[in-house]
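Only one structure is covered here, and it is reproduced in the block below.
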Amino acid sequence: MNTDQFLVKSELNFIDKATYTWQTPSNIALVKYWGKSNPQIPKNASISFTLKNCHTTTTIDFEKKEKSESVDFDLFFEGKQKEEFKPKIAEFFKRIQEYCPYIFNYKMTIHSENSFPHSSGIASSASGFSAIAMCLMSLEKELNSVLTQEFINKKTSFLARLGSGSASRSIEGPLVVWGNHSEIEGSSDLFGVKFPYKVHPIFSNYQDTILLVDKGEKQVSSTVGHNLMHNHPYAENRFQQANDNLTKISKILQEGNIKEFINLVESEALTLHAMMLTSNPYFILMKPNTLEIINKIWEYRQEKNSSICFTLDAGANVHVLYPENEKETVNQFVKKELSQYCQKNQYICDTVGLGAKKI
Ligand code: PMV
């Protein structure tokens, strides 16, 4: 794999100070990534909708200093210094230092905040790492002005991936594929690429209402979950199935077959959780209300001849996906029938978005 392309090869023109702010979104996978090898190489290709309203805003102040042996940074989350978040970010800097050697020449002060409630169960790693990666690449562009936008997007996704795999899919939108796949032109295990084919209009401005079923700390982190796919009895079949599903969804997205879309997306969500149920040790991230909601969605779809469907992340929250033309009716349904299953009746209305934004 050609990681050499991401090394800094030209002479850099260092500047004394710089500040960049980026807003990067979360994403929701339709074909899921679950299982990886080192360093953050996915066992199968995945595809996600980029979201719009669930995002992280991060500012990094860079101040030039004597080159040091270790990376020097302070971290503030929602205005407060957060020592407990630092080890994960320090580990990220370690993984990318080969590709961003200039981080040793700067003192970095990072200020970050999320648009969604803290510990809402919405994974902030995708938006969080992609925002840091965008700020780093803004600095790199300043130090090396010849970089093209195409290369910047690619390298940002490459760096973000080393923080959290799914973060590689949070730079662009509305649909991003990560993982090498024979039928997706340009796809790579190293970075996410925009879905390269024309998408049917039914999927424009697709809606995602996120039902906050459980806001607690997950009992099993996704790092542990990914690792349990090593020696998992169904792993190889699962990786093959996901790649086959990517072939199928590519056709579905282009042709607009909504029935097939629903079937594939819901099956992917349940298969992800089936992998958790059949891991050793086994674990369950769904809650009773997750199942209540799924059953209500199935009833509603049947009765109203609706095109809503659900998907799940590695958690108990439910993402309700539906076409824009059902926005009013589904909002009513969520409010009346589903919000009662959410913690404090909370849910977030989101829609598909276009990726990172410079602020
Ligand atoms: O990016 P990670 O390591 O947090 O893993 C994310 C895994 C899922 O959200 C469950 C699936 C996916 O493809 O986003």
Side-chain angles (χ1 to χ4, degrees), residues 24-51 54 56 88-89 91-92 95 114 116 120-133 157-171 173 175-181 184 187 189-193 195 208 210 214 217-230 232 235 238-239 241-243 245-246 249 264-277 279 283-286 290 310-319 321:
T24 56
S26 187
N27 66 72
I28 180 67
L30 303 171
V31 172
K32 311 285 182 181
Y33 143 65
W34 197 244
K36 63 180 170 184
S37 51
N38 262 335
Q40 301 276 91
I41 299 299
K43 290 285 192 183
N44 61 260
S46 57
I47 184 168
S48 52
F49 272 140
T50 305
L51 297 180
C54 289
T56 297
K88 224 177 155 185
I89 302 201
E91 171 64 24
F92 169 64
R95 289 183 193 170
N114 293 337
F116 41 89
S120 55
I122 297 179
S124 56
S125 58
S127 52
F129 283 112
S130 53
I132 296 176
S157 173
F158 170 80
L159 297 175
R161 182 197 107 242
L162 292 168
S164 155
S166 56
S168 67
R169 301 187 311 241
S170 273
I171 312 301
L175 281 157
V176 177
V177 175
W178 168 45
N180 185 27
H181 192 281
I184 306 287
S187 60
D189 285 347
L190 298 179
F191 47 81
V193 294
F195 180 68
D208 179 6
I210 308 162
D214 188 62
E217 257 312 277
K218 273 187 272 178
Q219 305 119 302
V220 179
S221 70
S222 61
T223 311
V224 172
H226 284 291
N227 278 334
L228 290 172
M229 289 304 280
H230 297 299
H232 190 292
R238 162 58 196 155
F239 303 144
Q241 177 201 40
N243 282 327
N245 276 345
L246 197 58
I249 206 166
L264 189 148
V265 167
E266 291 190 345
S267 165
E268 271 291 317
L270 294 178
T271 304
L272 168 70
H273 284 258
M275 291 301 107
M276 301 172 189
L277 301 177
S279 292
F283 60 104
I284 305 177
L285 297 183
M286 292 185 283
T290 310
F310 72 86
T311 188
L312 307 167
D313 248 335
N317 294 339
V318 182
H319 289 247
L321 301 176

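Each ligand, and each atom within it, is numbered from 1 in the order the structure gives.
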Run the numbers for me: atoms of ligand 1, each under 4.0 Å from some heavy atom of Ala29, listed by number. 12 (C), 13 (O), 14 (O)
Can you report which non-hydrogen protein atom sits closest to atom 11 (C) of ligand 1, along with the distance? Tyr33 O, 3.4 Å
Among all protein heavy atoms, pick out the one at the shortest distance from atom 1 (O) of ligand 1; state its residue, atom name and that distance to 0.1 Å. Ser166 OG, 2.6 Å
Against heavy atoms of Leu272, which atoms of ligand 1 measure under 4.0 Å? 10 (C)
Which residue supplies the protein heavy atom nearest to atom 12 (C) of ligand 1, what is that atom called, and how far is it? Arg169 NH2, 3.3 Å
On a heavy-atom basis, the closest approach of Ala160 and Ala133 is N-CB, 4.0 Å
Identify which one of Thr311, Asp313, Asn44 satisfies the side chain to side chain donor-acceptor pair (under 3.5 Å) criterion when paired with Lys32. Thr311
From His319 NE2 over to Leu30 CG, what is the distance, rounded to the nearest 0.5 angstrom? 11.0 Å
Evaluate Lys32 for polar contact with ligand 1, using N/O atom pairs at a separation under 3.5 Å. no
Taking only heavy atoms of Ala314, which atoms of ligand 1 are found under 4.0 Å from at least one of them? 10 (C)
Hey, which atoms in ligand 1 end up nearer than 4.0 Å to a heavy atom of Ser222? 2 (P), 3 (O), 4 (O)
Atom 3 (O) of ligand 1: the protein heavy-atom neighbour that sits closest, reported with distance to 0.1 Å: His226 NE2, 3.1 Å
Gly165 heavy atoms, cut-off 4.0 Å: which ligand 1 atoms fall inside? 1 (O)
Just need the protein heavy atom nearest to atom 9 (O) of ligand 1, so name the residue and atom and give the distance. Asp313 OD1, 3.1 Å
So, does His273 use its side chain to make a donor-acceptor pair with the main chain of Leu285 at under 3.5 Å? no
Using 30° and 60° as the class limits, which term best fits the ring planes of His226 and Trp34: parallel, tilted or perpendicular? tilted
Verify, without hydrogens or angle tests, whether Glu268 (side chain) and Val31 (backbone) share a donor-acceptor contact under 3.5 angstrom. no
Using 0.5 Å steps for rounding, measure from the CD1 atom of Ile41 to the CZ atom of Arg161. 4.0 Å
Does any N or O in the side chain of Asn27 come within less than 3.5 Å of the main-chain N or O of Ser166, such that one atom is a donor and the other an acceptor? yes
